[in-house]
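Keep in mind it's a predicted model, so treat the numbers as computed, not measured.
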Amino acid sequence: MSTANLLPKTAVFPLLCSRPGGSGVKTRNTAISCKPGGALPKRSTRFLGNNEGGSDTSRFDHPVRFSENDVDVPSQPQQTPVTTIALIGKDGAGKTRLVAELTRLQSSDDGNGASASLCLGQPSADQLTREEDSSHFNTTLHNHLYSVECPTHRLQLVDCPGHIERLPQVDMALRVADGAVFVVGMTPGVDESAERVWQRLRGSGKPACMFISQVDKGGMNDFQSCVESVREQFDVQPVVLQYPYYDADGNLAGIVDVLNKRLCVGEQGCLSSKTIPEDAVESSNMMFRRAVEALAEGEVDEGIMEAYLDEVTPSQEALHAAVKKASLQGSVIPILCGSSAKGMGADALDEFVASRMSTPNDDLANLAQWVTNGADGDVERVVPDPEGSFAGYVFGTHWDRYAGKCCDVLVLRGKLTSGQKLVQSETNSKFSTQKLMRWSGVGKLEPVEGGVAYPGEFVVLSHCNDVQVNHTLSDPNSPVVVESVHFEKPRCTYKLDLGNSNSPSDDEKILGALHKIIEEDPSVRLVRNEETNEFLLSGMGSLHMEVIKERIKEDFGAEICLSTPHIAYHETPTKPVTAEGRHKKQSGGHGQFGVVNIKMEPLERNAGVQFVSTIKGGVIPKTLISSVERGVREALKTGPMGQFPVVDVKVTLFDGKTHSVDSGDAAFYQAGILAIRWALARCKPSLLEPTMMVKIDVPETDVGTISKDLARRRGQVLAVNPNGHMSIIEGLVPLSTMLTYSDDLQQMTAGLGYFTMELETYQEVPPNQVKAALAEKAQVSS
């Protein structure tokens, strides 16, 4: 099979494997067994060159150029069933450790657990676990993608951050996932910090199960307390499908399968299933009855309810079907458990999500939702037909020193192949794909087997310079636009100090790095405030900003300096004033002459600047009135108090004088300026400050503390609305008191507070605060 259409001759990609003197590369992957009944066999990968048995040089530290004849791909690629799961939960719950266990269901391509890849890559789950333990951040900061080849399906994993400032990453992961595994540490269980992530899960409508991790650190009482905290904190009915079994010494001895009434025992790679011991039969029967009762109360299946009411034990098939239906509907939350230290729980979790959380025969509306097709605005659902026209959703971008800008794409419909022509539907920008890659189980990029990707699969495309996150790629002959994910507005803003470096090229490097980061993370914003003449860098919080600073330093070799931004105050008149502006200039030849009479009066808040002319009888020609208005508006840009813009003012031009020879645009422009300056000096101006509408979501126990703090910030509480175990406080607060609120709120609520704010209005600065505001302006000007 020729690969002329699959691989551009000039593309830069890694050499997966080769032999000295060999002209071709062939690979064969053998699926592994994930059954709990025995040790996990090694995945077999054979590398063939011109002769069998040659040396293996499959690992390279640099990319290698190769031609289209270097790779022999299968002539008839087959679609593998795909299940995509987002692992979510609060920080420290054990998500990354669970991902590491799931990736071990597939052995790596070589003995060192690493694959060749582009320079672009991400840490393996094992590496992330070690880095989190040693990093000063001590948390997952970005979504990490992994692909695990299992006997009957491919398991695509998204390891999500759990910090409150990284919730936009969770939203994106839930968008492209079939379902979610909500990971909870057995101790201390569920608290308010986990509820933030739970709210995002419920808002997505995706099916989910809960995995209680680290069951080796505690006892049965801790497990039951954790289950009860799930019920109380999330207001959901848990169905325990697995629970830990401890020996007489209190050590974890196995995991009990409640529905199948079996005990899983053993260590990593040597798991087996056996009959439940006699001392655990009573607790197993109790858990079984509770599971049936929960399924019945959840009104998942009429047959289960009738069996429960008739005190008849439902069949295994009915129970498993009811659990699947409950998972997809979200009426109850199935609970599984495991221990990364013991290597228990990952295989059963894989079986559960593949058989009871995936919907391979349904359309991808849960992923793509609604799309707009064509200029007429017709709305349709994207059905994952491999034979349909291609449609894909871009949910991530990355930069590689060799491949340029790369993007993560979820295939929604049709097939994607190398060399295929695509259009970016939002911008109508066209390009052709190059080599198709995907993230492996060790966090490295590897070629897509067969060079074809099917609906539900993640692929990585290179050289996508014009492609953005949230965009849609589609067939040029059948473009569609997928509904995009809404990213919240940033809550933390700093001034980006430029011009402090020794070289202007450093500033260019910083701006270029920020441009790339903003393309990768839409929750980062960089704008220029025209009033204060400052670059403002915004993110979701102080941790987010620290991540950006470290990223720029490590990846781009530049350091950025952030400081507190200055407030864009306004000025406004408090009383009406009548003024005359007279401009007269004679310097030989034609001179300049213009006289205008204006009335300046205050308006209500947020009215802006209004200019009205009541000139009658041609006292001032209409051609010159526009020049007066330009001069008026120019003069109002700088007020008398602190050179701030003057707003909420009405200027009426009611009279003037002209000269038959010397009156012109320049003269009346200057006359307008002089009239305004004279009026501003006598209108008793006041200083206005931006006032924000804030919505603060905090635990109900912290409402009093937050309300008192808002009063200290000269804020006004408008409403307190209950929201489950949380409360949302709405109020108006001056922006000048909210510049460090992101950090302050985290300290007052132990990291559980969450807020948004938008400009609502401008209000007058209290007299005792005016001096400080003007002093700040004077310091900036100096």
Decide yes or no for Pro621 and Thr658: does some side-chain heavy atom of the first lie under 4.5 Å from some side-chain heavy atom of the second?
-> yes

Between Lys489 and Glu758, is there a salt bridge with N-O shorter than 4.0 Å?
-> yes

Would you say Arg200's side chain and Val170's backbone share a donor-acceptor pair under 3.5 angstrom?
-> no

Can you name the closest pair of heavy atoms from Pro640 and Leu680 and give their distance?
-> CG-O, 3.7 Å

Ionic contact status for Glu559 with Lys509, cut-off 4.0 Å = no

Test item: Phe431 and Leu422 side chains (from C-beta on) under 4.5 Å apart, heavy atoms = yes

Between Asp475 and Ser389, do the side chains contain an N or O donor and an N or O acceptor separated by less than 3.5 Å?
-> no

Got more than 12 heavy atoms from elsewhere within 6.0 Å of NZ, Lys495?
-> yes

Hey, does the side chain of Thr472 reach the backbone of Val482 with a donor-acceptor pair shorter than 3.5 angstrom?
-> yes

Shortest non-hydrogen contact from Leu739 to Thr564?
-> CD1-CG2, 3.5 Å

Decide, yes or no, whether a salt bridge links Lys657 with Glu580 under the criterion of side-chain N to carboxylate O below 4.0 Å.
-> no

From Phe755 atom CZ to Ile164 atom CD1, the distance as rounded to the nearest 0.5 Å | 10.5 Å

Between the side chain of Gln424 and the main-chain N/O of Asp466, is any donor-acceptor distance below 3.5 Å?
-> yes

Donor-acceptor contact present, side-chain Lys405 to main-chain Val467, <3.5 Å = yes

Using 30° and 60° as the class limits, which term best fits the ring planes of Tyr762 and His570: parallel, tilted or perpendicular?
-> parallel

Tabulate below the donor-acceptor pairs under 3.5 Å that side-chain atoms of residues 641-652 make, not counting sequence neighbours, or state none.
| residue | atom | partner | partner atom | Å |
| --- | --- | --- | --- | --- |
| Gln643 | NE2 | Gly639 | O | 3.4 |
| Asp648 | OD1 | Asn606 | N | 3.1 |
| Asp648 | OD1 | Ala607 | N | 3.0 |
| Asp648 | OD1 | Gly608 | N | 3.2 |
| Asp648 | OD2 | Asn606 | N | 3.4 |

Supply the atom-to-atom distance Leu562 CG to Lys549 NZ, rounded to the nearest 0.5 angstrom.
-> 5.5 Å

Least distance between heavy atoms, Ala675 atom then Ile598 atom = CB-CD1, 3.6 Å

Atom pair NZ/CD1 of Lys622 and Ile620 - distance to nearest 0.5 Å = 13.5 Å

Closest heavy-atom pair, Pro722 versus Ser727, reported as atoms and distance to 0.1 Å, is CA-OG, 4.2 Å

Residue pair Ser663 / Leu624: nearest heavy atoms and the distance that separates them = CB-CD1, 4.4 Å

Paired with Gln592, the side-chain hydrogen bond (donor to acceptor under 3.5 Å, both in side chains) test is passed by just one of Lys585, Lys584, His659, His583, namely His583

Step by step, would you call Leu674 with Trp678 a side-chain contact (heavy atoms from CB on, under 4.5 Å)?
-> CA-CA 6 Å; Leu674 293 174; Trp678 194 94; over 6 Å; no

Would you mind writing out the side-chain donor-acceptor pairs for residues 692-707 within the sub-3.5 Å range, not counting sequence neighbours?
| residue | atom | partner | partner atom | Å |
| --- | --- | --- | --- | --- |
| Asp697 | OD1 | Arg196 | NH1 | 3.3 |
| Asp697 | OD2 | Arg196 | NH1 | 2.9 |
| Ser707 | OG | Val703 | O | 2.9 |

Which value, rounded to the nearest 0.5 Å, describes the distance between Phe668 atom CZ and Phe593 atom CZ?
-> 7.5 Å

Looking only at heavy atoms, which two atoms of Thr532 and His566 are closest? And how far apart?
-> CG2-O, 3.8 Å

After noting the C-alpha distance and the side-chain angles of Phe611 and Val628, does the key distance pass the side-chain contact (heavy atoms from CB on, under 4.5 Å) rule?
-> CA-CA 10 Å; Phe611 178 84; Val628 177; 4.2 Å; yes

Side-chain heavy-atom pair Ser627, Arg630 within 4.5 angstrom cut-off = yes

Passes salt bridge (Lys or Arg N to Asp or Glu O under 4.0 Å), Glu195 versus Arg202? Steps please.
-> CA-CA 10 Å; Glu195 189 166 352; Arg202 281 311 190 211; over 6 Å; no

Walk me through it: do His142 and Gln169 pass the test side-chain hydrogen bond (donor to acceptor under 3.5 Å, both in side chains)?
-> CA-CA 7 Å; His142 308 280; Gln169 299 279 314; 4.8 Å; no

Is it the case that Glu520 and His398 place a side-chain donor and acceptor less than 3.5 Å from each other?
-> no

Below 4.5 Å, heavy atoms only, C-beta onward: do Arg551 and Lys553 meet side chain to side chain?
-> no

Reported CG-to-CG distance for the pair Leu536 and Leu496, which is rounded to 0.5 angstrom = 9.0 Å

Ser474 and Ser425: side chain donor to acceptor below 3.5 Å | yes

Salt-bridge contact Arg166-Asp521 (side-chain N to carboxylate O under 4.0 Å) | yes

Any Pro602 side-chain heavy atom under 4.5 Å of Lys575 side chain = no

Let me see the working for Val765 and Leu688 under side-chain contact (heavy atoms from CB on, under 4.5 Å), right down to the final yes or no.
-> CA-CA 5 Å; Val765 178; Leu688 300 179; 5.8 Å; no

Can Arg175 be said to sit on top of Tyr393's aromatic six-ring, NZ or CZ under 6.0 Å from centre and within 45° of the ring axis?
-> yes

Supply the atom-to-atom distance Arg712 CZ to Lys708 NZ, rounded to the nearest 0.5 angstrom.
-> 12.5 Å

Is the shortest side-chain N to carboxylate O distance from Arg713 to Asp709 below 4.0 Å?
-> yes

Are any non-hydrogen side-chain atoms of Lys599 and Val577 less than 4.5 angstrom apart?
-> no

Flag the pair Gln763 / Thr761 as yes when at least one side-chain heavy-atom distance between them is below 4.5 Å, and no otherwise.
-> yes

Ion pair Glu634/Lys637, N-O distance below 4.0 Å | yes

Would you check, one step at a time, whether the test side-chain contact (heavy atoms from CB on, under 4.5 Å) holds for Met540 with Met545?
-> CA-CA 8 Å; Met540 302 306 293; Met545 304 304 288; over 6 Å; no

Side-chain contact, heavy-atom cut-off 4.5 Å: Gln468 with Thr397?
-> no

Are Glu165 and His544 close enough, and set up right, to give a side-chain hydrogen bond (donor to acceptor under 3.5 Å, both in side chains), and what steps lead you there?
-> CA-CA 7 Å; Glu165 295 179 10; His544 194 191; 5.9 Å; no

Dump the intermediate steps for side-chain hydrogen bond (donor to acceptor under 3.5 Å, both in side chains) on Thr493 and Ser538, then the final yes or no.
-> CA-CA 4 Å; Thr493 300; Ser538 302; 2.8 Å; yes

